[in-house]
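Worksheet: the structure to be examined is printed underneath.
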There are 4 protein chains.
Amino acid sequence: MAGRDIHTVSESDGGARSASRARRADARRNQQTLLDAAAAVFVTSGVEAPVRDIAARAGVGMGTIYRHFPTRADLVVAVYRHQVEACAEAGPALLAESASPHAALGRWIDLFVDFLVTKHGLAAALQSDDAGFRTLHAYFLDRLLPVCAELLGAAAEAGETGPDVTAYELMRGVGNLCIGAENDPEYDARRLAQLLVAGLRRER
Amino acid sequence: MAGRDIHTVSESDGGARSASRARRADARRNQQTLLDAAAAVFVTSGVEAPVRDIAARAGVGMGTIYRHFPTRADLVVAVYRHQVEACAEAGPALLAESASPHAALGRWIDLFVDFLVTKHGLAAALQSDDAGFRTLHAYFLDRLLPVCAELLGAAAEAGETGPDVTAYELMRGVGNLCIGAENDPEYDARRLAQLLVAGLRRER
Amino acid sequence: MAGRDIHTVSESDGGARSASRARRADARRNQQTLLDAAAAVFVTSGVEAPVRDIAARAGVGMGTIYRHFPTRADLVVAVYRHQVEACAEAGPALLAESASPHAALGRWIDLFVDFLVTKHGLAAALQSDDAGFRTLHAYFLDRLLPVCAELLGAAAEAGETGPDVTAYELMRGVGNLCIGAENDPEYDARRLAQLLVAGLRRER
Amino acid sequence: MAGRDIHTVSESDGGARSASRARRADARRNQQTLLDAAAAVFVTSGVEAPVRDIAARAGVGMGTIYRHFPTRADLVVAVYRHQVEACAEAGPALLAESASPHAALGRWIDLFVDFLVTKHGLAAALQSDDAGFRTLHAYFLDRLLPVCAELLGAAAEAGETGPDVTAYELMRGVGNLCIGAENDPEYDARRLAQLLVAGLRRER
DNA sequence: AATGAATGAGGATTCATTCAT
DNA sequence: TATGAATGAATCCTCATTCAT
């Protein structure tokens, strides 16, 4: 009887749990669908694409988007999180394997530019005054600024660079250089960014 | 009589002429009013300010704005023409008076940045996909690209720089660096632009 | 053995019974949790507060709210039932202890106003066209109209009042007077309601 | 010649003026169309009817509504202005022609109730917290409160009433009594309002 | 030539209610 | 039974541009 009670309890608990687990799995899958749809729409229409378009592409109602990602910034961050993380994590590795800190910085900036340039409108959104993008800006800074600062600091310590710019300015500048780059075949943001890095160089 | 006729004719001719002259003067004065109003509104609301606001400031109807400046780009160009011209004309002078072509380039870029940074939203408009800004982009390029190219070419010829970037890329890059700079006290577009220029430098 | 069987049976019967009892107790506790949560949310957000908020406050799913209270009116009624009952029951008592039926009516109206005025949005909900509130309206009427009618009838019988208004009109009027009173410090619904009651007064 | 110039000038001035006059006449006619449409829609859908509905009814774009009446309150006020004015102006007249100030007050309240009750949703809007209705509230108060205050004051001075309520409370109360009255055949707001007035009465 | 009234597309956001798990 | 994810209708307001007067 106790056994049955327990069983019953565990069954109902288990049922609840597995239902909840199932629901969660479902929701997670759904989230991924959303992210995929958003990513796809972002490519063609930029990160400011209408919510309705994203919802349509994902085959869900708009409310579903809002449920999962209350703010547009939340959605954008979620879409690009993996790549931002990868970029952040690449910093120390590059520092370790490159010939010099300055070289590492250059390679890291390349990664950053390659990332931004392929994300239609992202670079612009990062600078947008729009309150809805405040968080986006913050996320990028939180995650990448320390990495940039470390590389920059290492280069300075090695005497390769002077104290010309802050890490923030450098990132902001590089970000700016990427704006609209995807539409202009005459313009190579990567090259410009490397020029910036080169400009930091100091002869010993 | 002939004299009188002539006189009369000449008088009426003169009247027509002076009326026409007067009308032209009037129109010019009118245009100037428009430009002043636009400039004032651009300062506070950016170059994308509502047409109605500009018209109101100028004390004319919106139709008048459209008559004189069919596209927004036309208006923006007209507002900033003097400064763009001044910038363009400064190129050769700087080349003549500077210690080196590379130095001249740096000083010229400074002028360009100073100009852009103080024009709320102009740098962004220069990159805008918006059809209404196509002409704006074109004008800036037409007028400034040759100047930049000359400075860049001179520096290259003097062996101060390599062939890293085209004049177009450089201008585009510098323009990009100015986007949103007016709102961010942590960010000094001038410094970044100079970094770019420094990055062009080659040791002999 | 029989004893044991009986015992067992009775035990299991008892188990079932107590389980059922326990379940009922559980359900009741659950309901109470819901009502407490709803009451709390009503205070701050009014009786039209989002279902989700109430569910969240109660720590249950929204579906649970709907199961127990299919319409919002059901929930609102349940939340205020005690107070409505108390108000209803106060009628005869007041009639018994007051100096006159008209005085009793006045005191009873005071009770009613005091109740309504402290329930954010309730008075408005009572008049709402909204289908979801139809039942609410009905409940209040079912329960309170007879009481009001009795008081009013007694006063008329005593010659204190004329047949100016129906009990329904009086209640409706008093209810209306309470709308929005909680937000307006310049407005005293109680005073107005008493004016209404005073207006009923007839000299013998 | 001078004559011609003057003539020309006066012609062009005259043209501009008559164009402007024509435009203004046109616009005025248009405004009336708008007001008629709004009034019609208000009758069926209440004063909170969607702007689009009103525009459709008037056969104009929504922008036209916004141009003429930036705020919903502006529109509502415009629609009812004549009647509010009439109500305001009736006050002194009633005072003059009635048997007593208190009687005048009663008749004036009748006018006010008759006005409100036929305006679907207006009474409710007058109490709405909604910022868009703040102005509406203010207009009614500005225009009618002094009238009510005068009548009330005269009655008090004549010793017919006591100082039970302020003019504001009385108007607020009467306004409240009218909420939803148009939908309820069992409820006569006019009668209730008169009860309120009767309640003010004091025997000498 | 000037005026300024009119048009109407376009996108964000909230929440009651249902129903699969 | 309980959960809570998903749906999607409904309305607001701005502003570039046109064109009748």
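Hydrogens, waters and symmetry mates play no part in the numbers below; they use all other heavy atoms, side chains included. Everything numeric here is computed off the predicted structure, so don't read it as measured data.
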message: If I compare all heavy atoms of B:Ala73 with all of B:Thr135, which pair ends up nearest, and what's the gap?
response: CB-CB, 3.7 Å
- request: Counting Watson-Crick and G-U wobble pairs only, both distances under 3.5 Å, name the nucleotide matched with F:dT21, or none.
  value: E:dA2
task: Rounded to the nearest 0.5 Å, what's the gap from CG on A:Leu122 to OG on A:Ser128? Could you check?
output: 11.5 Å
Residue closer to the 5' end of DNA chain F, C:Gly59 versus A:Gly61 (nearest nucleotide): C:Gly59
query: For the pair made of CG in C:Asp53 and P in E:dT14, what is the distance, rounded to whole Å?
result: 12 Å
statement: Separation of E:dG4 atom P from D:Tyr66 atom OH, nearest Å, is 24 Å
- prompt: What is the distance, rounded to the nearest whole Å, between atom CG of B:Leu34 and atom P of E:dA1?
  reply: 14 Å
message: For A:Tyr139, does the six-membered ring have the charged nitrogen or CZ of A:Arg134 within the cation-pi criterion, i.e. under 6.0 angstrom from the centroid and within 45° of the normal?
response: no
statement: Separation of E:dT17 atom C1' from C:Leu75 atom CG, nearest Å, is 15 Å
field: Which residue lies more 5' along DNA chain F, comparing D:Ala49 with B:Ala49 via nearest heavy atoms
entry: D:Ala49
- request: Quick one: do C:Asp74 and C:Thr71 satisfy side-chain hydrogen bond (donor to acceptor under 3.5 Å, both in side chains)? Show the steps, please.
  value: CA-CA 5 Å; C:Asp74 296 322; C:Thr71 74; 3.0 Å; yes
- prompt: Rounded to whole angstroms, how far apart are CZ on D:Phe69 and C1' on F:dC13?
  reply: 17 Å
message: Applying a 4.0 Å non-hydrogen cut-off, can you work out what B:Arg72 is touching in the nucleic acid: base, sugar-phosphate, or nothing?
response: sugar-phosphate
message: How many whole angstroms separate atom CD1 of B:Ile65 from atom P of E:dA2?
response: 11 Å
- request: Would you indicate, yes or no, if E:dA5 has its OP1 or OP2 atom less than 4.0 angstrom from a side-chain nitrogen or oxygen of D:Thr64?
  value: no
task: For A:Met62 and for B:Gly63, locate the closest nucleotide of DNA chain E by heavy-atom distance; then report the residue assigned to the nucleotide nearer the 5' terminus.
output: B:Gly63
- prompt: Under 4.0 Å between a side-chain N/O of B:Arg67 and OP1 or OP2 of E:dA1, yes or no?
  reply: yes
field: G-U wobble or Watson-Crick pairing nucleotide for E:dT7 (cut-off 3.5 Å, both distances)
entry: F:dA16
message: Could you tell me how far apart A:Gln31 (CD) and F:dA6 (C1') are, to the nearest whole angstrom?
response: 13 Å
statement: Of A:Leu34, A:Leu75, A:Leu35, the one forming a side-chain contact (heavy atoms from CB on, under 4.5 Å) with A:His68 is A:Leu34
message: Could you tell me how far apart A:Arg52 (CZ) and E:dA12 (C1') are, to the nearest whole angstrom?
response: 9 Å
- request: May I ask you to verify if any side-chain N or O of A:His68 is less than 4.0 angstrom from the OP1 or OP2 atom of F:dA6?
  value: yes
